[in-house]
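The structure presented is a predicted model; accordingly, all values stated were derived computationally and were not measured. Side-chain atoms are counted along with the backbone in the values below, which use heavy atoms only and exclude waters and symmetry mates.
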Amino acid sequence: MKNAVYHLPGLFEFYDLYAAFLPLFRAHREYFYDWCTIGSIYGAPADCLWGGGRVGYGDNDPREVLALMKEYGISARLTFSNSLLCPEHLSDAKCNALCRLFSESGYPGNGVIVHSELLLRYLMENYPGLYFVSSTTKVLTDFSDLQKELEREEFRYVVPDFRLNHAFDRLALLPQQLKDKTEFLCNECCWFSCRDRKECYEAVSRKNLGEDAPEHHCHAPDSAEGYRFSKAMANPGFISVRDIQERYLSMGFSNFKIEGRSLGSALVLEFLLYYLTKPEYQLNVREAIYLDNMLDLF
């Protein structure tokens with residue numbers, strides 16, 4: 001049976017949290033499930049024109065970020081999933097510099113989460129050292145569309161819309177090479193019946209482009225509450241630790257994405273505790289992180 005590979009949020013946004021967590025993950029591996037590992041950490045610094053999904057933040061030196069990832073053998077992913085890019089945006093100096101740096105860093109290899117076909121073609125031509133992940137911001141809710149996306153050779157991984165997470169009858173029929181490319185979004189809190197998800201992502205894309213556009217207002221029930229992990233756990237698309245152990249791994253799936261770039265580091269720590277940490281050691285991990293005086297968890 002395969003091990004679970006987690007793809008975690010906040011490469012730039014939660015650098016300080018990972019600088020404290022990753023040494024603990026290595027030094028006290030007995031605290032953590034032996035059937036899982038960390039495959040990548042994704043995110044984007046502030047003011048990235050190509051950014052999407054969420055508005056990135058964080059001002060750590062990208063070289064410092066890459067050095068941390070390299071030390072622990074973890075792939076770094078740039079979240080450049082803006083869906084509204086035009087040819088004139090491709091020359092952006094900051095985003096090109098980041099791609100150049102990430103493509104030249106060597107082992108373990110770094111990637112870009114991408115939505116725009118225009119950007120994908122540009123990156124493939126100019127930064128062949130990167131691998132590419134098809135973003136969940138495409139909102140592929142039809143299974144046949146997902147399968148076509150999985151069959152594309154350009155992508156190493158594809159993140160389905162969370163509403164396909166439990167389409168087990170169709171998922172089970174995928175050939176193993178496509179199962180290996182499927183990266184499930186585990187902890188989405190968005191309303192399962194939402195019809196405005198694509199428009200929500202487009203609003204973020206406009207914001208990253210600096211356009212003066214009206215705010216997108218979510219019409220989901222209880223949207224004013226914001227993200228709640230307890231609410232995510234009640235979502236019909238939620239993937240639990242037990243689901244991963246007892247169903248997905250046995251079906252041949254191994255890649256699981258945790259969302260949370262726009263959330264606080266205290267909540268991201270709760271994700272790390274829930275998905276990676278054995279229950280009897282969660283207090284040990286929580287204390288070690290909370291007692292790190294360099295961290296502002298709230």
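For S134, the side chain to side chain donor-acceptor pair (under 3.5 Å) test picks out K138, E149, with sequence neighbours left out. Take S105 and apply the side chain to side chain donor-acceptor pair (under 3.5 Å) test, not counting sequence neighbours, and it matches N110. Residues passing the side chain to side chain contact (heavy atoms under 4.5 Å, CB included) test with P23, sequence neighbours excluded: Y72. Qualifying side chain to side chain donor-acceptor pair (under 3.5 Å) partners for N165, counting only residues two or more places apart in sequence or in other chains: none. Checked against side chain to side chain donor-acceptor pair (under 3.5 Å), E117 has the following partners two or more places apart in sequence or in another chain: R152. Under the side chain to side chain contact (heavy atoms under 4.5 Å, CB included) criterion, S103 pairs with Y127, L130, not counting sequence neighbours. Contacts of F184 classified as ring-ring contact (aromatic ring centres under 6.0 Å, His included), with partners at least two apart in sequence or in another chain: Y248, F253.
Sorted by first then second residue, the salt bridge (Lys or Arg N to Asp or Glu O under 4.0 Å) pairs that include residues 242-252, not counting sequence neighbours, are R242-E246. Judged as a salt bridge (Lys or Arg N to Asp or Glu O under 4.0 Å), the pairs with a partner in residues 64-89 (not counting sequence neighbours) are, in order, R77-E183. Pairs passing the side-chain hydrogen bond (donor to acceptor under 3.5 Å, both in side chains) check and including a residue from residues 266-282, sequence neighbours excluded, read E270-R286. Among residue pairs with one or both ends in residues 18-39, none qualify as salt bridge (Lys or Arg N to Asp or Glu O under 4.0 Å); sequence neighbours excluded.
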Indicate every side-chain donor-acceptor pair of residues 166-173 with a distance under 3.5 Å to a residue at least two apart or in another chain.
unit_1: H166; atom_1: ND1; unit_2: P236; atom_2: O; d: 3.0
unit_1: H166; atom_1: NE2; unit_2: F238; atom_2: O; d: 3.1

